[in-house]
Protein chains: 2
Amino acid sequence: MTASIERAKGAAPGSARLGATRHQLRADAQRNHARVLEAARAVFAEQGIDAPMTLIAEHAGVGIGTVFRRFPTKQDLVVALVQQRGEQLVEAAEAALASDKPGDAFRSFVSLAAEQQIRDRGFCDSIGTQLFAREDLRELFDGVRERVGRMLDRAIEAREVRSDIVAADVLFVLHGVARTGLMLEDGAPGVWRRYLGLALDGLRPEAATALPRKAPTKRQVDNAACGGG
Amino acid sequence: MTASIERAKGAAPGSARLGATRHQLRADAQRNHARVLEAARAVFAEQGIDAPMTLIAEHAGVGIGTVFRRFPTKQDLVVALVQQRGEQLVEAAEAALASDKPGDAFRSFVSLAAEQQIRDRGFCDSIGTQLFAREDLRELFDGVRERVGRMLDRAIEAREVRSDIVAADVLFVLHGVARTGLMLEDGAPGVWRRYLGLALDGLRPEAATALPRKAPTKRQVDNAACGGG
DNA sequence: GCAGAAGCGGAGCAGGCACTCCGGTTACAG
DNA sequence: CTGTAACCGGAGTGCCTGCTCCGCTTCTGC
């Protein structure tokens with residue numbers, strides 16, 4: 001269940017090597033690790049998270065055994081990919097926070113985040129799986145949310161965004177847009193931008209109407225992202 | 001593949017039946033048909049469309065063989081359920097069209113439609129499957145869309161809704177809200193209303209911003225609902 | 001009450017999946 | 001070059017699906 005991705009090769013077999021330091025992967029193993037990641041990225045992005053592992057092995061030009069040696073579980077592989085995406089998000093958020101036009105920065109961050117999910121079906125699928133239960137990912141997710149929160153504060157202060165929403169709201173709305181966008185993407189590429197536009201207009205202060213419910217608490221959000229279903 | 005769901009209740013039981021028409025189901029078969037539908041409704045609503053057929057049989061108190069005799073395919077069973085939901089939608093739309101407050105009527109219709117998906121996970125799952133490729137469902141879907149279109153026209157004329165959206169937009173936004181809402185529903189029941197509120201505010205004229213893309217064409221919508229993925 | 005048709009149930013089938021296991025191969029230290 | 005630990009590949013396993021098949025049971029018209 002909680003298999004660690006990295007090869008925790010334990011105490012060195014015959015030699016007097018220190019048990020503490022894990023030694024480096026062999027060259028071919030390193031190559032394969034990279035190949036698998038790359039292939040998984042491509043396959044999951046196009047086919048979604050339900051793509052079979054054999055397909056990834058095939059795409060990477062290695063045997064399935066090799067895939068599972070590098071990533072003991074399908075989930076481990078997915079987590080590795082989601083982690084990359086998360087880091088990209090943090091980076092983008094950081095850039096948005098550096099801008100001096102809070103409204104525009106906010107909107108283009110959101111747009112970028114949506115596009116990320118549109119272009120990577122697997123990433124979109126991953127959200128809402130019990131995936132974020134894992135400590136490592138939860139931490140990353142919190143980082144994103146915290147930055148979005150700051151981004152939001154600035155945009156609200158600039159009267160570019162309604163004042164009754166929180167960071168989690170943005171992420172949820174985002175995911176909703178991506179989900180619907182993906183339904184249409186094959187037949188009408190780019191229409192997701194239309195729905196993102198509608199969603200963003202809903203976040204503007206001009207049309208703001210009292211929301212019927214309070215924002216979900218952090219625990220509720222975590223439980224959701226982590227999925228109980 | 002194209003099995004008819006309804007139990008062609010034909011001529012009166014005891015009477016002289018024509019050889020051509022298929023006669024009525026036996027009493028126990030009718031009972032089981034109803035039981036299966038009921039069970040499927042309940043199971044799919046709670047667990048989503050991926051719930052195994054055996055579970056439905058169990059829940060209905062019949063063998064799997066019986067389930068598959070009534071509904072030769074899992075998809076047939078799902079279609080039967082979706083059809084019911086569609087008819088409910090048409091009904092609700094009709095009621096909304098009869099109201100003399102176009103804005104309120106529109107919003108409460110949308111709210112009802114969202115709730116329908118929230119309360120029936122299976123129905124929500126069904127949308128975006130290639131399900132709507134089937135003629136029978138497509139027709140029903142068109143009926144819903146046409147009514148939503150009229151509803152929309154009235155609301156737009158009353159300046160309660162922005163003028164640059166079409167019926168399909170509403171349905172897509174709706175589904176997006178439902179999808180996100182379902183993620184949270186277990187941990188924070190009812191929060192979907194918050195996101196529906198945000199979405200509805202995005203449809204108001206006050207904050208309307210030029211949308212970056214044209215609305216999807218009918219063909220594109222059908223292809224989407226019908227699913228290419 | 002009595003055929004016999006209609007219906008029932010659930011063992012079994014086929015297929016797809018994540019994951020394992022082990023004989024053979026390869027990289028690399030000495 | 002050589003020994004060996006690390007690594008590779010892919011046939012195989014176990015599990016879970018949707019769906020079928022057929023001997024048995026139940027309803028129903030006469």
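Proteins get letters first, then strands, A, B, ... in listed order; numbering begins at 1 in each. Computed from heavy atoms alone, side chains included, the values below leave out hydrogens, waters and symmetry copies.
- Here the P atom of nucleotide C:dC17 and the CD1 atom of A:I49 are 15 Å apart, to the nearest Å.
- One side chain, A:R41 or A:Q84, offers a donor N or O that lies under 3.5 Å from an acceptor on the other.
- Between the CG atom of A:L55 and the C1' atom of C:dA18 there is a distance of 14 Å, rounded to whole Å.
- Phosphate proximity of D:dC7 to A:N32: absent, as no side-chain N or O sits under 4.0 Å from OP1 or OP2.
- Across D:dC8, C:dC19, C:dC8, the shortest atom-to-atom separation from the side chain of B:A29 is found for C:dC8.
- The base of D:dT28 does not come close enough to the side chain of B:R26 for any donor and acceptor atom to sit less than 3.5 Å apart.
- With rounding to whole Å, A:E58 atom CD is found 12 Å from C:dC17 atom P.
- Ranking C:dA18, C:dG7, D:dG9 by closeness to the B:D28 side chain, first place goes to C:dG7.
- Picking from D:dT28, D:dC8, D:dC19 the nucleotide with the shortest atom distance to the side chain of B:K74 gives D:dC19.
- Residue A:D76 contributes atom CG, which lies 12 Å from atom C1' of C:dC19 at whole-angstrom precision.
- Side chain of B:S126 to backbone of B:G122: a donor-acceptor contact under 3.5 angstrom is found.
- One interatomic measurement links the two molecules: CD1 of B:I56 to P of C:dG10, which rounds to 17 Å at whole-angstrom precision.
- By the 4.0 Å N-to-carboxylate-O rule, A:D76 lies close enough to A:R134 to be salt-bridged with it.
- Checking D:dC19, C:dC8, D:dC7 against every side-chain atom of B:T73, the shortest atom distance belongs to D:dC19.
- A:R121 places no side-chain N or O within 3.5 Å of a backbone atom of A:Q47 that could act as its donor or acceptor partner.
- If you check D:dC7, C:dA18, C:dG9 against the side chain of A:R69, the one that comes closest is D:dC7.
- Nearest-nucleotide positions on DNA chain D for B:F68 and A:G63 put A:G63 closer to the 5' end.
- A donor-acceptor pair is defined here as one N or O able to donate and one able to accept, closer than 3.5 Å; such a pair exists between the side chain of B:R194 and the backbone of A:R213.
- For the pair A:I64 CD1 and D:dC7 P, the computed distance is 19 Å after rounding to whole Å.
- Distance, B:Q47 CD to D:dT17 C1': 14 Å, rounded to whole Å.
- As rounded to whole Å, 10 Å separates atom P of D:dC19 from atom CG of B:L77.
- Nearer the 5' end of DNA chain C, as judged by each residue's closest nucleotide, is the contact made by B:G61, out of B:G61 and A:A51.
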